[in-house]
Amino acid sequence: MIHSANHLREKGEVKVGGHQASSASMASLLTALYCHVLRPEDRVAVKPHASPVFHAIQYLMGNQNRDKLENFRGFGGAQSYPSRTKDIDDVDFSTGSVGLGVAVTAFASMVQDYIAARPWAQKRPLGRMIALVGDAELDEGNVYECLQEGWKHDLRNTWWVIDYNRQSLDGVVREGLWQRIEAIFKAFGWDVVIAKYGALQKAAFGEPGGSRLKDWIDACPNQLYAALTFQGGAAWRRRLLDEIGDRRDVAALIERRSDAELAELMNDLGGHCLETLTEVFDSVDHDRPTVFLAYTIKGWGTPLAGHKDNHAGLMTTSQMADFQAAMQVAPGTEWDPFSTIVDSHSVKAFLADVPFFEAGPRRFKAERIATEGPVQLQDRVLSTQAGFGKILDALAKTHTALAARIVTTAPDVTVSTNLGPWVNRRGLFARDARADTFRDERVPSAQKWHFSPEGQHIELGIAEMNLFLLLAACGLSHSLFGERLLPVGAVYDPFISRGLDALNYACYQDARFMIIGTPSGITLASEGGAHQSIATPLIGISQDGLASFEPAFLDELAIIMDWSFDYMQRDGDGQPDERTWLRDETGGSVYLRLTTRPLEQPAPRSDPRFRQGVIDGGYWLKPPGPNADVVLVYQGCIAPEVIAAAGLLGESRREIGVLAVTSADRLNAGWTAAQRARRRGVNRASGHVETLLAGLPSHCTLVTVTDGHPAGLAWLGAVHGHRTLPLGVEHFGQTGTVQDLYRHYGIDKAGIVRTISGLTRGAAVSELLLFP
């Protein structure tokens, strides 16, 4: 890489050969971008396998240290895949091997346009959102879902640079892929720029016989080109002379070169040539989305170049020694950034003036937006999904900074997840205003679908991967673009699993957003398995960076949403709150599992302890007596069945308690964090759930009930060693009414009572009471 930078320094007199041919295969691409093309406002998602070159560039520029480089892939060292949260150098987007880092750049560009249209946003130059893409990554479906969404939203300022080495992890890609790539991108309005030949090849094509050589290269199958690359100059000579050497001018072109020179010529593809790369990058003078197809050789410059097994290959000690000698790196100087450069002073001066790095680190900070307190809803019977819509509608009526920073989105389920009232008041976003034709034609509709630059809802097609990638981009706006957004996405709860990979990716980047999963459980009973979810509470518990809640009642929901808008903005140092042992000041994203099932609401509750319990994850709806032999524990909309069952059991078991869980996730996290603290000698550490259950007698049985997988609450018995009977839904797909299904799975009032009567000591409840 340092040699590549040296070549750029020489004012366009790019030398292709020698040391550059020994560089890693992505060195030229990254050098051309970071040392020539990029500006501070640009953002880059670096191809995972290019991370060593990325870290090397950051090391040269003082953004990475030697200890972490020497410990590459080790504990605490530089990451094998660039990571915003784990690496110390200037990573814009975390990347993995599944195309997510590619697609997120398109959504980041949309978010940049959204922010640019806000009256409260500071005016900054628009950057290009750039992804370095492996050609095998184009097998991933989320790439094409993203292309379609980008076309819908007039995508701009997006570059994808495809490392077209024609090899995947285990083999060689099929012939003609480049033609399919070109056709697909053009169909979605992208410009396609192909960088196939390097300067050496283009010069050779101008020699007598050069056109025949070019035709042979264009017709050569991918597998053969890779195999000959691995075999080297002598193999190239034999094949070329055998197939096109019957022409004297072609034979002379070949014979003028030694085996090493011939191999260098045949390996000089456009993606390795700085002259070619800078020319094609500089040729783009517009903001249309552009894809660059850069031909490269996998493992270029190493003894493993071209071999189909090189993904898992390792150089031998002797091969590494030969490679080091070819690079002219003296033993003991491997970590000296300029050990092979004679005129290091001029190279350092060149690097000091590289525009991308001139301003230093490019991560922004944004001020926190104050929340207004929970929205008070007066409805006596309502579902949490409808309550969510009413809370957003109430916020939409205000002129607060909080309301101005909220941006909502949904994958074609805006109305059916109760985002409609918010959208009616705040509008849909588009760079250019679009008329509401139904309204203009006087067609009655409850929805005001008016698109404009002022809109605060981004409507997506029905692809959940796109939803979570957009939430990731919105949720990084404070860091990428210096402006705070409070993104809220809504999706049918079972379809969280469709976008789970992108959800995990968003959380891994520490993006901040609120995701509403609704309807949930088996409450949309008549639609069967297509709209029933049972595993999502377990996802909420297990997903790092995501605080999961499942409120039953509207007052709980209002408290949680108000807290969430603040929590999404926090960026503290991670010290635990010794009351709960949760690291709440670090902040994070939030998942609310809601329902369409209307519930009768309790009398107004304003006790500060109640509010705190809702946020901490649970509170006693009915405190147990000192000799309680049964405690009922519930989470979510199963509350009426549990409360009714407790009432029946209370006739004979008067000390029975009812524990309302609003977040099994936070109860579990606080418990495990307190255990870790006690292992470190902090004996006073106690999680909130430990405090809640501390007074229960040892003979007490916990009966947990949820409209989800029973394992979501089953772990509660391990907190203090209480026997636990977990009830829930382990199978899905039945149709019927909610009561039909609850009865089928034994989580209706009668089923809960029968479980307790049959499996615990104490008086049984009469069947006459179960079915009055």
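Starting from 1, each residue takes its place in the sequence as its number.
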Got a second to check how far [X]'s [atom1] is from [Y]'s [atom2], nearest 0.5 Å?
{"X": "N466", "Y": "K152", "atom1": "CG", "atom2": "NZ", "result": "8.0 Å"}
{"X": "L696", "Y": "D629", "atom1": "CG", "atom2": "CG", "result": "11.0 Å"}
{"X": "T384", "Y": "L599", "atom1": "OG1", "atom2": "CG", "result": "7.0 Å"}
{"X": "D665", "Y": "S548", "atom1": "CG", "atom2": "OG", "result": "5.0 Å"}
{"X": "I752", "Y": "L727", "atom1": "CD1", "atom2": "CG", "result": "6.5 Å"}
{"X": "L725", "Y": "T755", "atom1": "CG", "atom2": "OG1", "result": "7.5 Å"}

Between [X] (side chain) and [Y] (backbone), is there a donor-acceptor pair under 3.5 Å?
{"X": "Y745", "Y": "E730", "result": "no"}
{"X": "S564", "Y": "I560", "result": "yes"}
{"X": "Q569", "Y": "I369", "result": "yes"}
{"X": "W620", "Y": "L692", "result": "yes"}
{"X": "Q385", "Y": "S416", "result": "yes"}
{"X": "R512", "Y": "M568", "result": "yes"}
{"X": "E550", "Y": "P537", "result": "no"}
{"X": "H450", "Y": "G427", "result": "no"}
{"X": "E459", "Y": "L428", "result": "no"}
{"X": "N418", "Y": "K390", "result": "no"}

So, for [X] and [Y], which heavy atoms are closest and what is the spacing to 0.1 Å?
{"X": "A714", "Y": "P726", "value": "CB-CB, 3.7 Å"}
{"X": "G728", "Y": "P710", "value": "N-CB, 3.9 Å"}
{"X": "S686", "Y": "T691", "value": "OG-OG1, 3.5 Å"}
{"X": "E690", "Y": "A674", "value": "OE1-CB, 3.5 Å"}
{"X": "P494", "Y": "A530", "value": "CG-O, 4.2 Å"}
{"X": "Q543", "Y": "C507", "value": "NE2-CB, 3.6 Å"}

Do [X] and [Y] make a side-chain contact, defined as non-hydrogen atoms from C-beta onward lying under 4.5 Å apart?
{"X": "I615", "Y": "Y567", "result": "no"}
{"X": "L667", "Y": "S663", "result": "no"}
{"X": "Y505", "Y": "F93", "result": "yes"}
{"X": "K397", "Y": "R425", "result": "yes"}
{"X": "L741", "Y": "F732", "result": "no"}
{"X": "L582", "Y": "R666", "result": "yes"}
{"X": "F468", "Y": "N504", "result": "no"}
{"X": "R723", "Y": "L759", "result": "yes"}

- Message: Are more than 12 heavy atoms, taken from residues, nucleotides or ligands other than D607, located less than 6.0 Å from that residue's CG atom?
- Response: yes
- Item | Greater than 12 external heavy atoms within 6.0 Å of E600's CD | no
Assess, by modelled atom type and distance only, whether the side chains of [X] and [Y] contain a donor and an acceptor separated by less than 3.5 Å.
{"X": "Q148", "Y": "Y144", "result": "no"}
{"X": "Q739", "Y": "E641", "result": "yes"}
{"X": "D707", "Y": "Y742", "result": "yes"}

- Is the H722 ring parallel, tilted or perpendicular to the H720 ring (thresholds 30°, 60°)? perpendicular
- Return the orientation label for the Y114 and F429 ring planes: parallel under 30°, perpendicular over 60°, tilted otherwise. perpendicular
- Item | From CA spacing to verdict: side chain to side chain contact (heavy atoms under 4.5 Å, CB included), H153, I458 | CA-CA 9 Å; H153 287 87; I458 300 175; 3.8 Å; yes
- Item | Intermediate values then yes/no, side chain to side chain contact (heavy atoms under 4.5 Å, CB included), F107 and T409 | CA-CA 12 Å; F107 292 102; T409 184; over 6 Å; no
- Query: Stepwise, does the side chain to side chain contact (heavy atoms under 4.5 Å, CB included) test hold for L476 with R84?
  - Reply: CA-CA 11 Å; L476 291 173; R84 283 184 59 87; 3.7 Å; yes
- Query: Y619 and side chain to side chain donor-acceptor pair (under 3.5 Å): which partner among H688, R605, R611, Q612?
  - Reply: R605
- Sole residue of T518, T536, T595, T523 in side chain to side chain donor-acceptor pair (under 3.5 Å) with D493: T536
- Item | NZ/NE/NH1/NH2 to OD/OE distance under 4.0 Å, R743 and D740 | yes
- Query: Any ion pair linking R579 and D577 (charged N to carboxylate O, less than 4.0 Å)?
  - Reply: yes
- Item | T724 and its side chain to side chain contact (heavy atoms under 4.5 Å, CB included) partner, picked from V631, T704, L713 | T704
- I would like to know whether V488 and F565 meet side chain to side chain contact (heavy atoms under 4.5 Å, CB included); could you show each step before the answer? CA-CA 10 Å; V488 179; F565 283 126; 3.9 Å; yes
